[in-house]
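This report refers to the structure that appears directly beneath it.
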Amino acid sequence: MVKPKIIDTDVHNAIARSEDLLPFLPRVWHEYWKSAGAGYGGGWHSPIGVLRSDAIPPGGGLPGSDPKYMLEHHFQKYGIDYGILTGSGILGISLNPNPDYGNVIATAYNNWLVETWLKVSPVYKGSILVNHADPLAAAQEIDRMAANKDMVQVIMCSGSRMLFGQRFYHPIYEAAERNGLPVAVHPGTEGRGISGAPTPSGYPTSYLEWHNILPTNYMAHVNSLVCEGVFEKFPGLKFVAIEGGIAWLPHLMWRMDKNYKGLRDLVPWLKRLPSEYIKDHIRLTTQPIEEPADNEHLNQIMDMVDAGRTVMFSSDYPHWDFDNPKMALQPIRKDLRQRILVDNAMELYGLYEAPAAITDAEAASVKGE
């Protein structure tokens, strides 16, 4: 058995053209999809865009929308063994005001993902998209899709109307634990659709302001998950905070531990310090990793969050702030790089064996020869 060398835990695959989803969508919803898409509204304007122009496939379409081109442009180029596909432009379906629409779009997307991506190459591993606005339907979708072993986690947007520890969401966690799948959240929908404002004091003015404070929503969700006893109720559950940074977590753990010592009567179901639940159940991804002027400061933060267990490499391909796996972890101590590049993800997703090497015929097919 050959172990994988790199697992990328955040790869954004896109739908090339909106009509590509129609064969997987009941006809009654076709016009809605064609006119509104995922239907969760605006956002903040980025003057540099969000997607890399060099990731546009030769045949056209959005960056990240051609599975064969992505194999060549990303996986083969950097020696990546597996990529966890996290979707693009559709994650916010939970924030559409119509939960029935959110449910059918999630189902259509998951079916499309299997046919369009997972059947192309074993390097692609899928995330089951769910509509967290309807947890019972989300649980049914998890049970339906978990039979496909190339689906390795559940994913939902981090923008929400309620904090994720609240019991409203527990059917999602119960289904995920039942099927042995982690639950991942991805930012970018804060302040959009039917979610609340992205800060307690309202809306930022610019994309820069909004982008800077995205980790505050992750702090709120992790705090909620621990204090509401989610990990006592679902001891097998792992929760992945994608693309939210890392340096916020030590502050949160220290503050939670200190307050727990004086206020533990408010959370009698907790049997351990909050930081212990976090280290056992929360997983983080590297991109966009913080970049202090002194590399040693970053290594100290990695020690504070027990990165040898909790942190996984992600490139965020094909977004503008993409991280090259050959460069992104250079400031991190060598003894941690192996754990972050592959081991933590290998253990979380059960990807212990690298996929078979691509054949010459498959390589030619990827390049369109």
Determine, step by step, whether R339 and E347 satisfy the salt bridge (Lys or Arg N to Asp or Glu O under 4.0 Å) criterion, reporting the C-alpha distance in whole Å, the side-chain angles of both residues, the deciding distance to 0.1 Å, and the verdict.
CA-CA 10 Å; R339 296 292 310 173; E347 293 164 6; 3.0 Å; yes
Show the numbers, then the answer: is there a ring-ring contact (aromatic ring centres under 6.0 Å, His included) between F231 and H281?
CA-CA 7 Å; F231 301 122; H281 295 275; 4.5 Å; yes
Evaluate the side chain to side chain contact (heavy atoms under 4.5 Å, CB included) criterion for residues V267 and V226: first the C-alpha distance (whole Å), next the side-chain angles of each, then the deciding distance (0.1 Å), finally the verdict.
CA-CA 10 Å; V267 286; V226 173; over 6 Å; no
I would like to know whether I332 and I289 meet side chain to side chain contact (heavy atoms under 4.5 Å, CB included); could you show each step before the answer?
CA-CA 11 Å; I332 297 173; I289 198 167; 3.8 Å; yes
Evaluate R144 against N111 for side-chain hydrogen bond (donor to acceptor under 3.5 Å, both in side chains), listing each step before the verdict.
CA-CA 11 Å; R144 183 181 78 90; N111 291 338; 3.0 Å; yes
Are H211 and D321 close enough, and set up right, to give a side chain to side chain contact (heavy atoms under 4.5 Å, CB included), and what steps lead you there?
CA-CA 12 Å; H211 204 268; D321 48 354; 3.9 Å; yes
Test Y207 against H45 for side chain to side chain contact (heavy atoms under 4.5 Å, CB included), laying out the working first.
CA-CA 6 Å; Y207 178 82; H45 169 69; 5.9 Å; no
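Screening residues 250-266 for side chain to side chain donor-acceptor pair (under 3.5 Å), with sequence neighbours left out, gives D257-S275.
Two residues are said to be in side-chain contact when any heavy atoms from C-beta on lie closer than 4.5 Å; P182 and Y349 meet this criterion. Taking the side chain as every heavy atom from C-beta outward, Q287 and F322 never approach each other to under 4.5 Å. Contact annotation: the side chain of W33 approaches that of L22 to within less than 4.5 Å [non-hydrogen atoms, C-beta and beyond]. Two residues are said to be in side-chain contact when any heavy atoms from C-beta on lie closer than 4.5 Å; H73 and D66 fail this criterion. Taking the side chain as every heavy atom from C-beta outward, M302 and V311 approach each other to under 4.5 Å. Looking at heavy atoms from C-beta onward, M162 lies in side-chain contact with F168 at the 4.5 angstrom threshold. Counting only heavy atoms from C-beta outward, the side chains of R178 and D143 approach each other to under 4.5 Å. Counting heavy atoms from C-beta outward, S195 and S160 have side chains that stay 4.5 Å or more apart.
Classified by interplanar angle (parallel below 30°, tilted 30° to 60°, perpendicular above 60°), the ring pair W248/Y218 is perpendicular. Note on ring orientation: taking the six-membered ring where Trp is involved, the planes of H132 and Y169 are perpendicular (angle over 60°, cut-offs 30° and 60°). The aromatic rings of Y78 and H74 sit perpendicular, their planes meeting at an angle over 60°, well past the 30° parallel limit. Using cut-offs of 30° and 60° on the angle between ring planes, the pair H12 and H319 is parallel. Classification of the Y32-Y101 ring pair by plane angle, with boundaries at 30° and 60°, yields parallel.
In terms of modelled atom types and a separation under 3.5 Å, the side chain of S315 and the main chain of N324 share no donor-acceptor contact. Of the possible polar contacts, none joining the D81 side chain to the I7 backbone as a donor-acceptor pair under 3.5 Å is found. In terms of modelled atom types and a separation under 3.5 Å, the side chain of T310 and the main chain of R283 share no donor-acceptor contact. Side-chain N or O atoms of N96 include one that pairs as donor or acceptor with a backbone N or O of A38 at under 3.5 Å. Checking side-chain atoms of W44 against main-chain N and O of P204 turns up a donor-acceptor pair under 3.5 Å. Between the side chain of E232 and the backbone N or O of L270, no donor-acceptor pair lies under 3.5 Å. Looking at W269, its side chain does come within 3.5 Å of a backbone N or O of C227 through a donor-acceptor pair. Side-chain N or O atoms of T116 include none that pairs as donor or acceptor with a backbone N or O of L113 at under 3.5 Å. Between the side chain of N110 and the backbone N or O of L129, at least one donor-acceptor pair lies under 3.5 Å. Side-chain atoms of Y109 never come within 3.5 Å of backbone atoms of I15 as a donor-acceptor pair (strictly under, hydrogens ignored).
We find the CG-CD1 distance between N131 and I105 to be 10.5 Å, quoted to the nearest 0.5 Å. Rounding to the nearest 0.5 Å places CG of N212 at 8.0 Å from CD of E209.
When the side chains of ILVMFWY residues are joined at heavy-atom separations under 4.5 Å, either directly or via intervening members, Y40 and V185 end up in two distinct hydrophobic clusters. Hydrophobic clustering of Ile, Leu, Val, Met, Phe, Trp and Tyr side chains at less than 4.5 Å, counting indirect connections, keeps I93 apart from I194. Residues I56 and V11 do not share a hydrophobic cluster, clusters being chains of Ile/Leu/Val/Met/Phe/Trp/Tyr side chains in contact below 4.5 Å. Clustering ILVMFWY residues whenever any of their side-chain heavy atoms sit less than 4.5 angstrom apart, transitively, puts W112 in the very cluster that holds M151. A single hydrophobic cluster is not seen to contain both W29 and L95; linkage of ILVMFWY side chains at heavy-atom distances under 4.5 Å, directly or through other members, places them apart.
Aromatic ring centroids of Y124 and F75 lie under 6.0 Å apart. Ring centroids of F239 and H221 are separated by 6.0 Å or more, keeping the two rings apart.
Of the N and O atoms on the side chains of S127 and Q153, at least one donor lies less than 3.5 Å from an acceptor on the other residue. Remark: the D10 side chain and the T86 side chain contain an N/O donor-acceptor pair separated by less than 3.5 Å. Side chains of N103 and E141: a donor-acceptor N/O pair is absent below 3.5 angstrom, by distance only. A side-chain donor from one of S158 and E190 sits under 3.5 Å from a side-chain acceptor of the other.
The minimum heavy-atom distance linking L249 with L284 is given by the pair CD2-CD1, 3.7 Å.
The existence of a salt bridge linking K119 and D150 is excluded, since no basic side-chain nitrogen approaches an acidic carboxylate oxygen closer than 4.0 Å. Ion pairing between D280 and K238 fails under the 4.0 Å rule for side-chain N and carboxylate O. Ionic pairing of K68 and E72 is not present here: no N-O contact between side-chain nitrogen and carboxylate oxygen is shorter than 4.0 angstrom.
Within 6.0 Å of the CD atom in E291, the count of heavy atoms belonging to other residues, nucleotides or ligands does not exceed 12. Counting heavy-atom neighbours within 6.0 Å of R309 CZ, excluding the residue itself, gives a total above 12.
Within the cation-pi definition used here (under 6.0 Å to the ring centroid, within 45° of the axis), R52 does not qualify as a partner of Y317.
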